[in-house]
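Report on the structure given below.
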2 protein chains.
Amino acid sequence: MGSRTQIDGFIDMSLHADGVEGVQRLCAALGEAYGFDHFIYGASFPTSLIKPAVLVISGHPEAWRDHYQACGYLAVDPAVQHCTRSIRPLIWQDLMLDPKIDEKPFTVMQEAREFGLVSGVSLSIRGSRGELGVLSFSSERTAQQTRSEIDSAIPDLYLLSAYVHEAVGRLVTQGSLPFNRPELTAREHECLLWAAEGKTSWEIARILGISERTAIFHLQNAARRLNASSRQQAVARAVSQGLISLQLG
Amino acid sequence: MGSRTQIDGFIDMSLHADGVEGVQRLCAALGEAYGFDHFIYGASFPTSLIKPAVLVISGHPEAWRDHYQACGYLAVDPAVQHCTRSIRPLIWQDLMLDPKIDEKPFTVMQEAREFGLVSGVSLSIRGSRGELGVLSFSSERTAQQTRSEIDSAIPDLYLLSAYVHEAVGRLVTQGSLPFNRPELTAREHECLLWAAEGKTSWEIARILGISERTAIFHLQNAARRLNASSRQQAVARAVSQGLISLQLG
DNA sequence: TGCGCAACTGTAATATCTTACAGTTATGGG
DNA sequence: CCCATAACTGTAAGATATTACAGTTGCGCA
């Protein structure tokens, strides 16, 4: 649906988005261009698995935002659930067709409607450093009215959600956001990689041709950088943050 | 560019794709519909970090496939490099504009051209279970001739690449592909999660209200299921496979 | 030249994990 | 009723990791 020049315009906007406000403006412009009334962007950064760093850029009505927060709906929101499990876009209406839907998630959808979030779409984004993002757009009109509009907007929005997310990633890299993303030295990286493969200090030392003491030394330094209190946690953090990453082959 | 009914047709095709052949047919049909001559889909499954399970569905000329393999180009292919680092689509031509490009990656692009892969686009896909996929389409025509076509096809192809990837994910789940994806019991999951957070057996036992011996027991069972030889490796595997996953909040 | 830093190495005490032994209890399906 | 499985617990020996001590070497930069 969107013309290519429109998309290029948004891509350009994402590449120059300055600060959280810049991303906020970008999302708002996106929503407006494709006929939506509200948006929300949320992302988790795996600084910790249990308590990740979270960034939310909300274009939702304040009343709904407060209610959502107060009721702890994040834990049962079916759109969020979908985005943690799948990489496909979710058209909210399709949740109603699901016979397996529980009562609680259903309540969230019902109440959202009362606050003006009647129909919408949620896009999940997985970054190259283990981040999980969700970008949702919603309309005050009914699903019947918006279905075909949403359908045709999805390819553009799905693509642009990646650019929105990378714009946020750039804020993190630049240090505009307080989410630490440590860098490992070459040796720390190597040692941690082999540790993640189940090798002992002694084995890592053999593999790298160094003394066992040195392997331990590098692993300790890596753990310190990652704010980890044990080798297990260091490995978990490094993997979840994509510092130790899967190669294609 | 693609009409919505065309996209819906491909989505439907992806949902019913049967076996690797079905996915192959889907990719071929996609490439053809958007004016490309070749495609290739590759995905890594984090069964192991060092030696992941790999699936390649190739629609490339056999001669190029052999040459690529023989020269070990996977390790230097700039398109692959881009896809491991970014979630944005890559239009091959844009690599030429990059002043930082090394000699080797440049060679890969040059030689690809001689084998009929003149211009193209690569799309990266990150699954919810830690998989990394790359879907590339290429044309025998020059970048000048195909630029605007590729530009307008990207939103559709980016969206559909997610469906292609999920179709492959379904093959894995159904057991059609020999990539094991173990399931953990509730307790194993809990124990492993806390272990990944750096807790000791004793601490995990306190948290869960069980004896230290039982926490150790569950962690050992989890490690066995994950084919891990140590707790570190078990944690690394569980995280990389998304069995211990980041929550939004 | 001095400073910071990556990389390297050693010893020793203590904490934690791993393995192998040997069980109990409860639940659901054939 | 039997069997498989999750969940649970205990002891003990040996392997591995963690912490704290105390260094050397080489490199790039101000």
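Quick note on labels: first sequence line is chain A, next is B, and so on, each numbered from 1.
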Legend entry - Basic-acidic side-chain contact under 4.0 Å: A:Arg225, A:Glu188: yes
Here the distance between atom C1' of D:dA7 and atom CD of B:Glu188, to the nearest Å, is 10 Å
**Prompt:** So, is B:Ser201 near the phosphate of C:dC17, with a side-chain N or O under 4.0 Å from OP1 or OP2?
**Reply:** yes
Per the under-4.0 Å heavy-atom filter, residues of residues 202-211 of chain A near DNA chain D come out as none
*Does a donor on one side chain sit under 3.5 Å from an acceptor on the other, for A:Ser176 and A:Arg170?*
no
Between A:Glu131 and A:Arg126, is there a salt bridge with N-O shorter than 4.0 Å? no
Whichever of B:Arg231 and A:Thr185 has the more 5' nearest nucleotide on DNA chain C, that residue is A:Thr185
Rounded to whole Å, the CZ-C1' distance (A:Arg224 to C:dC5) equals 12 Å
**Asked** Is it the case that A:Ser14 and A:Glu166 place a side-chain donor and acceptor less than 3.5 Å from each other?
**Response** no
From the candidates C:dC17, D:dA6, C:dT9, the one with an atom nearest any side-chain atom of A:Phe217 is C:dT9
Among D:dT18, D:dC8, C:dT18, the one nearest any side-chain atom of B:Thr214 is D:dC8
Atom CD of A:Glu183 and atom P of C:dA6 are separated, to the nearest Å, by 11 Å
A:Gln232 CD to C:dT18 C1', in whole Å, measures 12 Å
Whole-Å distance, B:Leu219 CG to C:dT16 P, equals 15 Å
Of B:Val168, B:Leu123, B:Val56, B:Leu26, the one forming a side chain to side chain contact (heavy atoms under 4.5 Å, CB included) with B:Tyr41 is B:Val168
- Query: Taking it one step at a time, do A:Arg237 and A:Asn227 satisfy side-chain contact (heavy atoms from CB on, under 4.5 Å)?
  - Reply: CA-CA 9 Å; A:Arg237 291 232 162 126; A:Asn227 272 313; 3.7 Å; yes
When rounded to whole Å, the CG to P distance for the pair B:Asn221 and D:dA6 reads 8 Å
| query | Looking at side-chain heavy atoms only, is the closest gap between A:Leu95 and A:Phe106 below 4.5 Å? | reply | no
- Message: Counting the atoms with a prime plus P, OP1 and OP2 as sugar-phosphate, which does A:Arg213 contact under 4.0 Å by heavy atoms, base, sugar-phosphate, or nothing?
- Response: base
Side-chain atoms of A:Ile216 come closest, of C:dC8, D:dA7, D:dT18, to D:dT18
Give a yes-or-no answer on whether the side chains of B:Glu111 and B:Tyr68 include a donor-acceptor pair shorter than 3.5 Å.
no
Whole-Å distance, A:Glu212 CD to D:dT16 C1', equals 8 Å
Item to check | Any side-chain donor near an acceptor of the partner, A:Ser58 and A:Arg65, under 3.5 Å | outcome: yes
> Does B:His218 have a side-chain nitrogen or oxygen under 4.0 Å from the phosphate oxygens OP1 or OP2 of D:dA6?
Replying inline: no
Q. Thinking salt bridges, do A:Arg187 and A:Glu190 make one under a 4.0 Å N-O criterion?
A. yes
Within residues 192-200 of chain A, those residues having any heavy atom closer than 4.0 Å to DNA chain C are none
Rounded to whole Å, CZ of B:Arg187 lies from C1' of D:dC8 at a distance of 9 Å
